[in-house]
Amino acid sequence: MHIIQKIGLGIFITALALFTLSLGMGKYQLSEAALAISKEYHKKEIIEKAKANGLLDKRYESNFAFIADLKKTLTDAQQSLEEKAKNGIPEGVYEWDYRMGNTKSYLFGIVKSASVGPIAQNPIRWFMLTFGLGILGGLLYIFPKFVPLPGIKNNGIYHNSLTRGLQVNIRQLFLGLTIVGTIVYGIFYMNHNLLWPAITTAMIGLITWLVFFKQRSKENNPQRSASPDVTGWLGVMTGVYLIGFYILLYWMPEYITSWVVMVNPLSLSLSGNGASQWFLYGTLYTIIVLVMGIRMMSKYRHNVYQVVRTCSVMFFQTAIAFLLPEILVRLNQPYYDFKNIWPLNYSFFFDYNLDTLTNSGGLGLFMLVWGLALMIIGVPLFTYFFGKRWYCSWVCGCGGLAETMGDPFRQLSDKSLRAWKYERYIIHGVLLFAVVMTLMVLYTYFTGNYQVLIFNSDSVRTWYGFLIGSAFAGVVGTGFYPLMGNRTWCRFGCPLAGYIGLVQKYKSRFRITTNGNQCISCGNCSTYCEMGIDVRAYAQKGQDIVRSSCVGCGICSAVCPRGVLRLENSSIDVDTRTDALRALHIKDGEWTLTQ
Amino acid sequence: MHIAIIGNGISGITAARFIRKLSDHKITVISAETDYFFSRTAIMYAYMGHMRKEDLKPYEDWFWKKNRIDLKRGFVAKIDSQNKNLIFKEGANMSYDKLIIACGSTPNKFGWPGQDLDRVQGMYSMQDLDGMEAASADGLKHAVIVGGGLIGIEMAEMFHSRHIPTTFLVREDLYWNAVLPEAESKMVSRHIVESGINLQLKTELKEIIDDGTGKACAAITNKGERIDCQFVGLTAGVHPNIGFIKESAPEIEVGRGILVDEKLETSVKDIYAIGDCAQLRNPKEGRRPIEAVWYTGKMMGETVAYTVCGKVKEYSPSIWFNSAKFVDIEYQVYGTVLAKAPENHASIYWEHPEGRKSIRIVYDKNTKEVLGFNLMGIRYRHEVCEKWLKEKTSVETVLQNLGIANFDPEFYKEYETEVIKIYNQQTGKNLQLKQKRSLTAALKFLRKAVGSRQ
Ligand SMILES: Cc1cc2nc3c(=O)[nH]c(=O)nc-3n(C[C@H](O)[C@H](O)[C@H](O)COP(=O)(O)OP(=O)(O)OC[C@H]3O[C@@H](n4cnc5c(N)ncnc54)[C@H](O)[C@@H]3O)c2cc1C
Ligand code: SF4
Ligand code: SF4
């Protein structure tokens, strides 16, 4: 390793350590002045109970103690309001508004406003110490990679503890724990409503049964699905860290206010509002896409397709997903990510979003029409012309992260036939779920009726957000990068990818052409296909690759040592793309390539 | 009928797969090397950490059972062709009705003193890969590689990837110049050096020194230089692996390889030979009797499958093609491109100023028909080149349409106009490129050949 790289790595690890430790550095003191709650009757109640519990103005050295006391205070306040509501409520206030249904919604904001420690005093310094140093260290590590001759440099990937993957039984353990953990936590999340966790469990059982028994792949033990006898512990630790991060981000943001406080100044300067945990996430996401995008370019700099594509995802993440919505907010317009499409953007048809868009004048209406047009016209049209890649590996934010931060992990996708079977059931299942959920939500929007058959559209929507939006897309989607590859969400879960994939499979000019008989079955293409497509299986028999899951990242073509694969488009054989077998085969006694 | 196949390499496996497609015969594939078929061409990637060993297997393990292809691990010591019986070194017997020998090659050794020491080996088999791993784990500080062919450079790249200093001894005055034309040979030689590999041209191995424990500790060159090393790679070519046949079945006629006719049948009825180990009695014009490459193994496997299933086919390979990669430079060849061009061959050669890409088109001076394409760092379409070559297309037609052959990824710069410029300079003509890179144009061109396919 280059000395500059060593320094860079050192700086990065320091920054990461500071970033992690900063969570424990917050000091908390709840003062009346800092408490920003718009509903006076709630605020009054909370302050009263805080006083009664000795919380107000008391300095806490640890967030655990503070949050525990605060939770108690909030529960007390809630109970007391319940009591009071029985004796009548103030003029002009709805009863459900007066009651404090969900104490969670206040928790994060109060903890954040009560932060008084060193980070709150000097957020910019801490931002520089963590984010800033992290970026510096990362770049120092990356820049020397531009020095050696360009070319595919996958040396040592399977010797590296971070990137070599894990044994199949440890992977199963992670998956099992994640599924059980999600369902159990989901029961609490849904306030002990067992209906949806039960349906989900049944679906998991059904899919497993279909794959294992109906499709007889139980005996097809997949040898290539994970590492046989080694586990990269650095990778496993990274996975655990990421999973932990997502759990905190989605369900316990009150514990990460130190981080949110650090990006507060940035948020103020962009949108004029204080930072939420989502702003923190967006900042982190964008920085990672940018820094790791530079790494991506250092690695594939001889490959123009990769360079252009990486610039594209960096641009869309930074300008369209991160900056533009903040600027829109500053201009008093709705927060809107112009490249996010239903059903990935599953809240597009939620009442609050439709209300915001329809009540925000011309621009809001434009956003509504734009979103609908992208979904109904844009997706099929662009996919017809360019394939799924126009979105998944050029524009999408999830794809952007997968193609930059995820690149070191792309080889960990499961190539077995069994995984493909799972994939088809799960992704189309999620797509179906998204459609059904959205139809229910729209039914309620137009009729005002929450009950759809035996289901409550509000709980469907909450469950979808929890199960698919948070657990699958976030915890598994990114947390599993070092465990199951960088496209676990895109491959198994993303309903938009499911939709685009169907178009790509049945009506598109796109395919990956194989170059005659040149394939030597080496397997580089399959190994580095992040979507777990066994590219070699097609290439060695000379069949062009048309798969609904292919995101057109072009890496198979880049790593092929024999120049066998080319991503390309043509309209003259849209319906017969898979017919040609380009390998030499005997025909009428003669060897011929063209059939 | 029971068809036994000796060798689970690409030729044996292709034969087995096609026999299964064509028939219901019982098939047994025998190998002493591994339980399952793997891609021999990719063993370098396992050492370099690009892939794991199990990624070398093109089919999942359940594939064989599902397709009723029996796999047997064992070494065939004797073929008893009289009784149609195989005798294994481990003792067992196996009878067959038809036998396909696909036993591959084995690395050349030229009687160097010390060639049988520990840590001296070729790179052919899975065991060789294990040997390289063992040497590397055993504190390998310097490696010497002998023989400038395709496997030698792979081995050099392998050690280089693990930062193990490597000296690469090449007898010729440029790398692989018996096959590559001089300009390309120079380019690769340059590239080997710029990649950080110590390339010693015009240097041969004389002797390997024993460290006293039976392991190699140094190599002595013909220039008298002593290179301290803990590993010597012997990569001076391969030859058919037919030792056990010569010994046990003299009725099977052999030359350098097992002699076969157009139907790939040996001198003994119901015994066939394919792949690296087969030597054609009457090779087609312009082709060699032994072609030890992946693609020919595949074609022979398919041909013999038809024949043993009663649909007799002759082996008649199409236009020659091949490909390789020299560290970071990809190489493709279609048709005839000779290192020493005969009098009637003319070539158009363009090289990128950076010296890592080039295009060469060879044509006949007299008839103007195109004869071959040699590409470095640039990808061309197999089908298009093949069709031009088969149809003996005029070089000028080829040049004007050259874009349809281009197979580089999207956004890559196209250099076809540069090639035409050079032709124009050489001949004083004024040709223009009519067709840029385009799949649609390529498909139209290819379809014209076979009429409308649908
Ligand atoms: C490192 C390397 C890289 C290469 N790269 C390329 C390339 O890029 N392109 C290309 O075209 N070609 C390449 N080749 C050549 C190509 O791999 C061979 O031409 C091809 O593998 C030959 O296949 P085969 O089936 O004829 O024999 P093999 O693959 O050699 O298979 C023969 C099998 O038979 C077994 N066997 C032999 N005798 C017995 C016996 N008596 N009993 C039981 N089993 C027996 C052997 O153990 C072996 O497993 C490369 C070769 C090597 C070694
Ligand atoms: S098949 Fe190739 S282009 Fe498609 S997703 Fe896999 S690696 Fe990317
Ligand atoms: S297509 Fe290329 S990378 Fe894939 S197996 Fe064939 S030669 Fe290897």
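Just so it is clear: chains get the letters A, B, ... in the order the sequence lines come, proteins before strands, and each one is counted from 1.
Between B:Tyr295 and A:Cys519 the shortest heavy-atom distance is CE2-O, 3.9 Å. Residues B:Pro409 and A:Ser557 approach most closely at CG-OG, 4.0 Å, considering heavy atoms. Nearest heavy-atom pair, B:Tyr47 versus A:His159, reported as atom, atom and distance to 0.1 Å: O-CE1, 3.2 Å. A pairwise comparison of heavy atoms in B:Leu443 and A:Ser570 identifies CD1-OG, 4.0 Å as the closest pair. Between B:Asp55 and A:Arg536, the shortest heavy-atom contact is O-NH2, 2.8 Å. Closest approach of A:Arg562 and B:Gln332 over heavy atoms only: O-NE2, 3.1 Å.
In this structure, no portion of B:Arg40 lies under 4.5 Å from any heavy atom of chain A. Proximity to chain B (any heavy atom under 4.5 Å) is shown, for A:Asn303, by both the backbone and the side chain. For A:Val230, no part lies under 4.5 angstrom from a heavy atom of chain B. For B:Arg437, the part lying near chain A is the side chain, with the backbone staying farther off; criterion is any non-hydrogen pair under 4.5 Å. Within the 4.5 angstrom heavy-atom criterion, only backbone atoms of B:Ala46 (N, CA, C, O) approach chain A. A:Leu417 touches chain B through backbone and side chain together, each having a heavy atom under 4.5 Å away. Contact annotation for B:Tyr59: both backbone and side-chain heavy atoms come within less than 4.5 Å of a heavy atom of chain A.
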Could you please spell out the steps behind the side-chain contact (heavy atoms from CB on, under 4.5 Å) verdict for A:Leu149 and B:Ser195? CA-CA 7 Å; A:Leu149 292 178; B:Ser195 301; 4.0 Å; yes
Applying side-chain contact (heavy atoms from CB on, under 4.5 Å), run through B:Phe407 and A:Thr513 and close with a yes or a no. CA-CA 9 Å; B:Phe407 198 69; A:Thr513 308; 4.1 Å; yes
Report the C-alpha distance between B:Arg52 and A:Thr527 in whole Å, list the side-chain angles of each, state the deciding distance to 0.1 Å, and finish with yes or no for side-chain contact (heavy atoms from CB on, under 4.5 Å). CA-CA 9 Å; B:Arg52 304 159 306 170; A:Thr527 304; over 6 Å; no
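Rounded to the nearest 0.5 angstrom, A:Asn155 CG and B:His160 NE2 are separated by 8.5 Å. Atom CE of B:Met51 is separated from atom OH of A:Tyr158 by 9.0 Å, given to the nearest 0.5 angstrom. Between the OG atom of A:Ser521 and the CG atom of B:Leu56 there is a distance of 11.0 Å, given to the nearest 0.5 Å. One finds the CD1 atom of A:Ile572 at 7.0 Å from the CG atom of B:Leu439 (value rounded to the nearest 0.5 Å).
When the candidates A:Leu565, A:Asn160, A:Ile152, A:Asn524 are compared by the number of heavy-atom contacts under 4.5 Å with chain B, A:Asn524 comes out ahead. When B:Met48, B:His50, B:Met44, B:Lys57 are compared by the number of non-hydrogen pairs under 4.5 Å with chain A, B:His50 comes out ahead. Comparing B:Pro58, B:Ala441, B:Ser39, B:Ala42 by heavy-atom pairs within less than 4.5 Å of chain A, the highest count is held by B:Pro58. The most heavy-atom pairs under 4.5 Å with chain B, out of A:Gly563, A:Gly554, A:Pro148, come from A:Gly563.
Using bins of under 30°, 30° to 60° and over 60° for the plane-to-plane angle, the ring pair A:Tyr305/B:Phe411 lands in the parallel bin.
Using a 4.0 Å cut-off between charged side-chain N and carboxylate O, A:Glu568 and B:Arg381 make a salt bridge. Salt bridge annotation for A:Lys153-B:Asp328: present, with a cationic side-chain nitrogen under 4.0 angstrom from a carboxylate oxygen. Between A:Arg389 and B:Glu410 there is a salt bridge, since at least one side-chain N of the basic residue sits less than 4.0 Å from a carboxylate O of the acidic one.
Of all residues in residues 8-15 of chain B, none places a non-hydrogen atom less than 4.5 angstrom from a non-hydrogen atom of chain A.
Here the side chains of B:Glu60 and A:Ser416 are in contact, with some heavy-atom distance below 4.5 Å. Inter-residue side-chain proximity for B:Tyr45 and A:Asn154 is flagged as unmet; no heavy-atom pair is nearer than 4.5 Å.
Using modelled atom types, one finds a donor on one side chain and an acceptor on the other under 3.5 Å when comparing A:Gln518 with B:Tyr334. In summary, the side chains of B:His382 and A:Asn517 do not present any donor paired with an acceptor at a separation below 3.5 Å, with no hydrogens or angles considered.
No more than 12 heavy atoms of other residues, nucleotides or ligands sit less than 6.0 Å from atom NZ of B:Lys263.
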